[in-house]
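First comes the structure, then the notes that go with it.
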Amino acid sequence: MMPELPEVETVRKGLTSLVAGAKIKSVEVIYSKMLNVSPEEFKEKLVGKEIIKIERRGKYLLFRLSDDLTLVSHLRMEGKYEIQPEGTERPKHTNIVFHLTDGRELRYKDTRMFGKMYLVKNENVFDLSGLNKIGPEPTDNDLKFDYLKHQLHKSHRKIKSFLLDQSNLAGLGNIYCDEVLWMSKINPEQQTNYLNDSEIESLRKNIIKEIAAAIKGHGTTVHSYSNAYGEAGEFQNQLHAYGKKGERCERCGTVMEKIKVAQRGTTFCPTCQVIHGDLSD
DNA sequence: ACAATTTCCTGCACGC
DNA sequence: TGCGTGCAGGAAATTG
């Protein structure tokens with residue numbers, strides 16, 4: 001559940017080792033609402049294409065195909081891939097099946113039917129809505145302090161809403177938002193324009209560190225998430241805030257509270273993470 | 001132009 | 001046991 005950047009990166013690596021170099025023999029579309037083109041066009045354009053490599057931008061997977069074609073895939077809440085021999089039993093909610101020429105099937109399954117697939121020419125990938133305004137990757141190279149400060153100070157929103165907005169920075173979802181705010185001792189309802197330099201740098205460092213650590217741990221498993229290998233992530237053992245409502249804060253011992261911010265369940269420590277107004281550094 | 005709210009979906013945990 | 005209700009949430013669409 002809830003694939004964020006580290007989970008999508010784990011899926012990308014799994015898919016790379018399993019289907020990079022494979023060729024598509026035919027395609028079955030079971031749930032066409034997730035596509036940006038008609039099922040007929042989708043099938044026709046994919047037949048005979050090779051999966052050259054699989055890239056990632058934010059939470060988007062980019063299947064780079066032969067003939068300058070890209071299949072963009074967003075897993076949203078519950079999207080998962082699996083690879084099985086052709087003809088074996090398929091799970092419920094299998095939405096799309098890619099038959100490969102080597103006798104295997106690449107299956108996309110999605111219980112909540114929220115996932116999306118867009119078939120586009122390479123040159124048009126970053127014209128797609130979402131990708132056309134996506135913010136920097138949460139890495140030391142891409143997420144610069146000055147940029148983050150500028151974005152935070154021109155915005156008048158709660159920090160949690162800001163971090164969930166992929167146009168500010170790419171990759172964070174509900175779990176890692178709560179984690180980095182707890183690590184940085186920032187209240188999820190804090191107004192972004194009142195954050196000072198030391199808070200911004202703490203937030204920036206924690207985002208970069210947390211995402212890198214989660215990728216290393218193959219992502220977080222919440223409920224039934226698994227990657228393309230069928231493995232579960234190990235990072236749930238390193239969570240400090242998400243899902244910790246009613247437990248004691250690991251830093252100060254206060255009971256963690258859960259509220260709604262931007263329509264999202266949000267867990268935080270009311271003692272460590274306090275809202276403030278316009279303070280100097 | 002911005003920010004907040006609603007919408008899309010299904011499965012599951014509840015309470016009675 | 002079974003049914004209704006609420007909740008989970010990423011990002012587009014809609015409203016304010």
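Residue numbers begin at 1 in each chain, while the letters A, B, ... track the order of the sequences. Please read these numbers as outputs of a predicted model, since none were measured by experiment.
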Open item on the list: So for R264(A) and dG10(C), does any side-chain atom that can act as donor or acceptor lie under 3.5 Å from a complementary atom in the base?
Closed with: yes
TODO: May I have the distance from D165(A) (atom CG) to dA3(B) (atom P), rounded to whole angstrom?
DONE: 9 Å
Open item on the list: Just the rounded figure in Å: distance from P of dG9(C) to CD of E78(A).
Closed with: 11 Å
Task: Among T70(A), V72(A), L35(A), the one residue meeting side chain to side chain contact (heavy atoms under 4.5 Å, CB included) with Y118(A) - done: V72(A)
Open item on the list: Looking only at side-chain N and O atoms, does K160(A) offer a donor or acceptor that is under 3.5 Å from a partner on N174(A)?
Closed with: yes
Task: Contact nearer the 5' end of DNA chain B, comparing R76(A) with H93(A) - done: R76(A)
- [ ] Provide, to the nearest angstrom, the distance between the CG atom belonging to N168(A) and the P atom belonging to dA11(C).
- [x] 12 Å
Open item on the list: Check this one for me: any side-chain N or O of K92(A) less than 4.0 Å away from OP1 or OP2 of dG11(B)?
Closed with: yes
- [ ] Nearest whole angstrom, please: distance from the P of dA11(C) to the CG of L131(A).
- [x] 10 Å
TODO: Please state how far atom NZ in K260(A) lies from atom C1' in dG9(C), giving the value in whole angstrom units.
DONE: 9 Å
TODO: Report yes if the distance between the aromatic ring centroids of F98(A) and F63(A) is under 6.0 Å, otherwise no.
DONE: no
Open item on the list: Rounding to an integer number of Å, can you tell me how far M34(A) CE sits from dA11(C) P?
Closed with: 14 Å
- [ ] Select base, sugar-phosphate, or nothing to describe what R157(A) touches, counting heavy atoms under 4.0 Å on all strands.
- [x] sugar-phosphate
Task: Side-chain N,O (K160(A)) to OP1/OP2 (dA3(B)) below 4.0 Å - done: no
Open item on the list: Below the 4.0 Å mark, does dA4(B) have OP1 or OP2 next to a side-chain nitrogen or oxygen of H156(A)?
Closed with: no
Open item on the list: Using a heavy-atom cut-off of 4.0 Å across all strands, would you classify K59(A) as base, sugar-phosphate, or nothing?
Closed with: sugar-phosphate
TODO: Indicate whether OP1 or OP2 belonging to dA11(C) is found under 4.0 Å from a side-chain N or O atom of H74(A).
DONE: yes
Open item on the list: Just N and O in the side chain of K133(A): are any of them under 4.0 Å from OP1 or OP2 of dA1(B)?
Closed with: no
TODO: State whether Y242(A) places a side-chain N or O below 4.0 Å from either non-bridging phosphate oxygen (OP1 or OP2) of dG9(C).
DONE: yes
- [ ] Answer with base, sugar-phosphate or nothing: what part of the nucleic acid does S129(A) contact at a heavy-atom distance below 4.0 Å?
- [x] sugar-phosphate
Open item on the list: Base, sugar-phosphate or nothing for F162(A)? Non-hydrogen atoms, less than 4.0 Å.
Closed with: nothing
Open item on the list: Do the side chains of D146(A) and K144(A) get close enough for a salt bridge, i.e. N-O under 4.0 angstrom?
Closed with: no
Task: From CD1 (I211(A)) to NZ (K216(A)), nearest 0.5 Å - done: 15.0 Å
- [ ] Quickly, which of K25(A), Q84(A), R90(A) forms a side chain to side chain donor-acceptor pair (under 3.5 Å) with E105(A)? Name it, please.
- [x] R90(A)
Open item on the list: Expressed as a whole number of angstroms, how long is the span from Q166(A):CD to dA13(C):P?
Closed with: 16 Å
- [ ] Could you check which of dA8(C), dT10(B), dA12(C) has an atom nearest any side-chain atom of K258(A)?
- [x] dA8(C)
Task: Spacing between N132(A) atom CG and dA11(C) atom P, to the nearest angstrom - done: 13 Å
